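Bear in mind the structure is a predicted one, so any value in this text is a computation, not a measurement.
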Amino acid sequence: MTVLFSGHSRGRSPRLEARLGPSPVDLIFYDTTSLHFEVDEEDEIARKRDDREYGPLRKRGYSKNGREDAPQIVVGLAVTREGLPVRSWVFSGDTADVTTVEKVKEDLRDWRLGRCMFVGDAGMNSEENHRKLALGNGKYILERRTFSRPAA
């Protein structure tokens, strides 16, 4: 898992414990993966459900399971320290991990966690994410890719 939020609820918002039962929530981990479909063509039209329109989801993109030939979706999942799922997201298959950070931060903002630390792997690291995560005195740790030297 690559994104970590920690803190306590404050203000008038409902406490996370009320949503998840007796276990207090002080950590939330987030990561993404890709899921491919055994179809030849990408989605081309938007779909409508419950009076909401959704853009085409099955698109070719970076495949984490090596299936660049197949349309896919990107799924994001937030879980507690105990591994209980608390929130999920579905993104178009051509969505890069680095571009999901803003949406996740926005969606979890409503939870009003008192203190927040975002920890992301190298796939979440970008100058734009540094700026967005630092807003409101945000704290974060982002992995940076290192390059190994060839053996001499």
Side-chain angles (χ1 to χ4, degrees), residues 1-11 13 15-17 19-20 23-39 42-44 46-47 52-152:
M1 294 290 148
T2 58
V3 177
L4 161 89
F5 288 87
S6 77
H8 311 347
S9 62
R10 62 179 173 180
S13 66
R15 294 186 59 82
L16 289 175
E17 292 90 318
R19 295 182 191 178
L20 298 173
S23 301
V25 176
D26 61 350
L27 296 176
I28 296 177
F29 295 89
Y30 168 79
D31 201 2
T32 61
T33 193
S34 58
L35 302 171
H36 74 275
F37 294 85
E38 294 293 339
V39 297
E42 298 178 325
D43 289 342
E44 300 210 4
R47 299 186 187 270
R52 291 182 64 188
E53 191 167 306
Y54 298 90
L57 288 175
R58 294 182 298 185
K59 294 285 188 181
R60 286 180 179 81
Y62 174 73
S63 176
K64 294 182 180 183
N65 65 355
R67 289 295 309 263
E68 283 82 12
D69 63 317
Q72 66 180 14
I73 58 173
V74 174
V75 176
L77 181 65
V79 299
T80 66
R81 166 192 314 247
E82 293 81 18
L84 298 170
V86 294
R87 180 78 161 81
S88 63
W89 294 262
V90 176
F91 302 99
S92 173
D94 58 358
T95 303
D97 289 354
V98 71
T99 64
T100 67
V101 172
E102 182 176 16
K103 175 72 173 152
V104 170
K105 185 175 178 182
E106 176 185 314
D107 289 352
L108 293 178
R109 183 177 298 129
D110 294 339
W111 293 16
R112 299 192 183 196
L113 299 171
R115 290 181 301 175
C116 231
M117 168 86 54
F118 183 103
V119 180
D121 65 13
M124 308 281 180
N125 196 344
S126 73
E127 289 302 317
E128 182 66 18
N129 283 341
H130 283 266
R131 283 191 292 281
K132 288 176 181 165
L133 291 168
L135 290 174
N137 199 26
K139 308 292 185 218
Y140 63 91
I141 299 171
L142 293 174
E143 177 185 2
R144 184 165 290 186
R145 284 191 171 86
T146 58
F147 299 94
S148 61
R149 295 182 187 174

How many angstroms lie between [atom1] in [X] and [atom2] in [Y], if you round to the nearest 0.5 Å?
{"X": "Thr100", "Y": "Asn129", "atom1": "OG1", "atom2": "CG", "value": "8.0 Å"}
{"X": "Phe91", "Y": "Leu57", "atom1": "CZ", "atom2": "CG", "value": "10.5 Å"}
{"X": "Asp94", "Y": "Ile73", "atom1": "CG", "atom2": "CD1", "value": "12.5 Å"}
{"X": "Gln72", "Y": "Arg60", "atom1": "CD", "atom2": "CZ", "value": "9.5 Å"}
{"X": "Asp107", "Y": "Arg87", "atom1": "CG", "atom2": "CZ", "value": "4.0 Å"}
{"X": "Thr33", "Y": "Asp97", "atom1": "OG1", "atom2": "CG", "value": "8.5 Å"}

Side chain to side chain donor-acceptor pair (under 3.5 Å) partners for [X], two or more places apart:
{"X": "Thr95", "value": "none"}
{"X": "Lys132", "value": "Glu102, Glu128"}
{"X": "Glu127", "value": "none"}

Inset, instruction - Return the set of residues passing side-chain contact (heavy atoms from CB on, under 4.5 Å) with Arg47 (not counting sequence neighbours), or none when no residue passes. - result: Asp43, Arg58

Inset, instruction - Output all residues satisfying side-chain contact (heavy atoms from CB on, under 4.5 Å) with Ala96, sequence neighbours left out; order by chain, then residue number. - result: Val98, Thr99

Inset, instruction - Mind listing the closest non-hydrogen atom pair of Asn125 and His130 along with its distance? - result: OD1-NE2, 2.8 Å

Inset, instruction - Search all heavy atoms of Leu77 against all heavy atoms of Ser88 and return the closest pair with its distance. - result: CD1-CB, 4.1 Å

Inset, instruction - Give a yes or no answer on whether the side chain of Ser34 reaches the backbone of Ser63 with a donor-acceptor pair at less than 3.5 Å. - result: no

Legend entry - Test salt bridge (Lys or Arg N to Asp or Glu O under 4.0 Å) applied to Glu38 - qualifying residues, sequence neighbours left out: Arg67

